[in-house]
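Numbering of residues begins at 1 and proceeds along the displayed sequence.
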Amino acid sequence: MKSEEDRLYRFQKACDCIQSHPRNKNFVSLIEPNRDIFREFRLIYSTDDDEYRLGNIKLSEIYTKCSSLIKFYYGNGLLFFSDQIYDSIINNKNAEICIDYSFIFDSNVAIQLKNFMFGNIPSPINRFFELINYIKLHKINCDIIFFILEYMQYAMNPKKPLIYDTIFAFKQFDQLKCTEITSDFKQLLIRIDKNIAAQNANLALNIFNRDHNIQLLLHYHSISYMLLLKTIIIQKNSPANHINKLSELINYCITKTGRFLKTEMYFAWKIFKFWKKHKYLQQIVNINSDQKATNRIKMIRRTSWDLFSIRFQEIYSTTNGIGHFFIPFFVSFENKLINFSKKCPVKCLIVDDKTGMANTIFEDDNEFNDDITKIDKNILQQLTNKKNIRARLKNNCHNNDIENNIMTLESEFNKLF
């Protein structure tokens, strides 16, 4: 028990060191004085002091030439830390760093790819071809798992063939050897047998349905959606300041999930405090009262997937195996989301592989944490008590509880209109 508490304290101390480390100081000045604190942890640290390359591709170049990429880390350089890397450098050896990366398509991009492979004109056409030509030119891995997650509810419905067709189209695109793809793509069209498409889709979806990690991701999304609903209800119902709103939401989060979900609380804080400054947040708060109730709910659910993309990238980055690092590149044609993501730059991702703890540290985490210290004293005490923290880390709420909470919140949300 003592070792668990010590490790938890050390992890939080490591997060504090990262948050307080100035951008204008180098990585060595973060690690060297705190070597024992960072022991057994992995870090991906963003910086502007270095130019990171994925093979022969500069990180800054990727964002310049692919305007649809959402930047997860703020800088053009990435620095990696693990015990193995540190020990190799100390012993004057070459440090071997296992790094994977992928372009993760959001649902709209995946569907536009399906349209293209089925002989239709994708939209927006210029950005679409900019993206896929860059992928083919540099032989970049890409996947549509995020799309599949979002559309799993329609997976086995024969009246909803979209997911089957998209998976099959993606597999065909993956095999194309073209170095340049233009709007004159008739020579690329492939006759797609709908039966084969269905067979391939069923095979892939059966694998996904049996994968515990996929079900866990869907569970995490349900929680994110529930908390977004509660955030909007609080924002619309309460004239209180953003601190009091944050207090109410944190209390709800701990009560209903048994956890303090930092990433979801961070975005709620953005909504409470900064919604008037960002068009993307304005469209979340200013929901059209003339819409049908079902359309309003669909809009919030769609938005929850947008925000969940950050949590998804965090989870993806932490499940790549001990000693391995994963760099996500999320792809979207939604300009408001791309612009908003620039206001939420990630400074560092820290992972404890032994306990499964991970923390995405944003560049403005100091301001966020400062506001956390101002919330209701009783809630703050509950939040910071070490015994409570240990209990929360071991807690995982049931899907049935979440779904029941969602139904209650959707009903409460519709009553606002």
Side-chain angles (χ1 to χ4, degrees), residues 1-19 21 27-28 30-47 52 54 72-73 78-91 93-102 104 141 143 145 211-217 219-220 223 257-264 266 308-329 346-362 365 386 389-396:
M1 185 66 70
K2 182 64 175 175
S3 62
E4 279 186 16
E5 186 172 318
D6 288 344
R7 195 176 187 95
L8 176 63
Y9 173 79
R10 189 160 59 83
F11 185 81
Q12 185 56 57
K13 188 71 175 175
C15 293
D16 292 341
C17 289
I18 295 166
Q19 289 168 8
H21 188 250
F27 195 48
V28 174
L30 170 65
I31 300 298
E32 285 290 353
N34 305 297
R35 178 66 187 96
D36 289 337
I37 292 175
F38 287 110
R39 195 171 301 280
E40 297 185 313
F41 300 154
R42 284 190 294 126
L43 277 70
I44 304 180
Y45 188 89
S46 183
T47 177
Y52 183 71
L54 294 168
F72 189 66
Y73 296 100
L78 292 176
L79 300 168
F80 303 88
F81 170 84
S82 69
D83 287 341
Q84 293 83 355
I85 294 171
Y86 182 86
D87 291 342
S88 294
I89 293 173
I90 290 296
N91 294 321
K93 296 180 180 178
N94 291 327
E96 294 185 2
I97 306 176
C98 299
I99 302 171
D100 293 321
Y101 64 95
S102 180
I104 303 167
N141 294 326
D143 70 54
I145 186 173
D211 189 331
H212 173 71
N213 289 327
I214 297 297
Q215 298 307 314
L216 199 59
L217 283 167
H219 176 53
Y220 285 144
I223 293 173
T257 72
R259 302 289 294 268
F260 173 74
L261 299 172
K262 184 270 181 93
T263 301
E264 283 75 12
Y266 172 82
F308 183 68
S309 66
I310 301 295
R311 169 68 79 179
F312 176 81
Q313 290 174 83
E314 175 189 287
I315 296 170
Y316 230 43
S317 298
T318 59
T319 56
N320 221 41
I322 297 174
H324 287 67
F325 297 90
F326 178 80
I327 304 170
F329 296 91
V346 172
K347 182 177 185 179
C348 181
L349 177 69
I350 179 171
V351 182
D352 180 0
D353 291 305
K354 184 176 181 179
T355 64
M357 289 188 295
N359 187 13
T360 300
I361 299 173
F362 296 90
D365 256 15
K386 290 182 180 179
I389 294 173
R390 284 202 311 272
R392 287 199 297 270
L393 289 172
K394 296 177 181 179
N395 193 315
N396 193 10

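For the pair Q313 (side chain) and S309 (backbone), a donor-acceptor distance under 3.5 Å is present. A donor-acceptor pair under 3.5 Å is formed between the side chain of K347 and the backbone N or O of I18. Counting only distance, with no hydrogens or angles, the side chain of D143 and the backbone of I104 share no donor-acceptor pair below 3.5 Å.
Once rounded to the nearest 0.5 Å, the distance linking CD1 of I44 with CZ of F326 reads 9.5 Å. Interatomic distance, I145 CD1 to F312 CZ, rounded to the nearest 0.5 Å: 5.0 Å. Rounded to the nearest 0.5 angstrom, R259 CZ and I223 CD1 are separated by 8.5 Å. With values rounded to the nearest 0.5 angstrom, N359 atom CG is found 5.5 Å from F11 atom CZ. Between atom CZ of residue F72 and atom CG of residue L349 there is a gap of 6.0 Å, rounded to the nearest 0.5 Å. Between the CD atom in E264 and the OH atom in Y220 there is a gap of 10.0 Å [rounded to 0.5 Å].
Pairing each heavy atom of C17 with each of L30, the nearest pair is O-CD1, 3.7 Å. Contact between L78 and S46 at its shortest, heavy atoms only, is CD2-CA, 4.1 Å. For the pair F38 and D83, the tightest heavy-atom approach, listed with the atom from each and the gap, is O-OD1, 4.4 Å. The shortest heavy-atom contact between R10 and R39 is NH1-O, 2.6 Å. Looking at every heavy atom in both residues, S82 comes nearest to F325 through CB-CZ, 4.4 Å.
Electrostatic pairing of K13 and D16 does not count as a salt bridge here, judged by no charged N lying under 4.0 Å from a carboxylate O.
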Under the criterion salt bridge (Lys or Arg N to Asp or Glu O under 4.0 Å), I'd like the reasoning laid out for K262 against D365: C-alpha separation, chi angles, the key distance, then a yes or no. CA-CA 10 Å; K262 184 270 181 93; D365 256 15; 2.6 Å; yes
I327/F80 under side-chain contact (heavy atoms from CB on, under 4.5 Å): CA gap, chis, key distance, verdict: CA-CA 11 Å; I327 304 170; F80 303 88; 4.0 Å; yes
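Taking the six-membered ring where tryptophan is involved, the planes of Y45 and F27 are tilted, since the angle between them lies from 30° to 60°.
Applying the side-chain hydrogen bond (donor to acceptor under 3.5 Å, both in side chains) test to Y73 and every residue at least two apart in sequence or in another chain returns nothing.
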